[in-house]
Colleague: 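Here it is: the structure, laid out below.
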Amino acid sequence: MSIYYIPKDKTNSKTQIMIAGYEIANPTFSENLEPVGESQLTLHLNFISNDYSPNKFTKFLDAFNNFLQEYNRL
């Protein structure tokens, strides 16, 4: 029987997030002058952390979602 290690929550976790790359899909031309499709930005992120639990992703996505909600109110 194999043992699965469940990481403990770190109280002093440190996480660094960097953009590893991105892709942009932005239609810029429509021959029949109708509105073109939606634009897309795909981000590739690197997480460097001393926290081996998935909490770093949850914290980041919660903060990023709050940022997007605030930004979309402008």
Colleague: Do other residues, nucleotides or ligands put more than 12 heavy atoms under 6.0 Å from Ile19 CD1?
Modeller: no

Colleague: Can you tell me if CD on Gln69 sees more than 12 non-hydrogen neighbours from other groups inside 6.0 Å?
Modeller: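 Yes, enclosed.
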
Colleague: Could you tell me whether a side-chain N or O of Ser49 sits under 3.5 Å from a main-chain N or O of Lys14, the two making a donor and an acceptor?
Modeller: yes

Colleague: Working to the nearest 0.5 Å, report the span between CZ of Phe64 and CG of Leu43.
Modeller: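 Going from the CZ atom of Phe64 to the CG atom of Leu43 covers 6.0 Å.
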
Colleague: What are the two closest non-hydrogen atoms of Asn50 and Ser13, and how far apart are they?
Modeller: OD1-CA, 3.3 Å

Colleague: Taking ring-ring contact (aromatic ring centres under 6.0 Å, His included) as the definition, give me every residue that meets it alongside Phe57, ordered by chain and number, with sequence neighbours left out.
Modeller: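 Expected list: Phe47.
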
Colleague: Do Glu23 and Gln40 make a side-chain contact, defined as non-hydrogen atoms from C-beta onward lying under 4.5 Å apart?
Modeller: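 SC-SC contact between Glu23 and Gln40 ruled out.
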
Colleague: About how many Å separate CD1 of Ile17 and CZ of Phe60, when rounded to the nearest 0.5 Å?
Modeller: 5.0 Å

Colleague: Group every Ile, Leu, Val, Met, Phe, Trp and Tyr by side-chain heavy-atom contacts under 4.5 Å, then state whether Leu41 and Met18 land in the same group.
Modeller: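 Cluster IDs for Leu41 and Met18 differ.
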
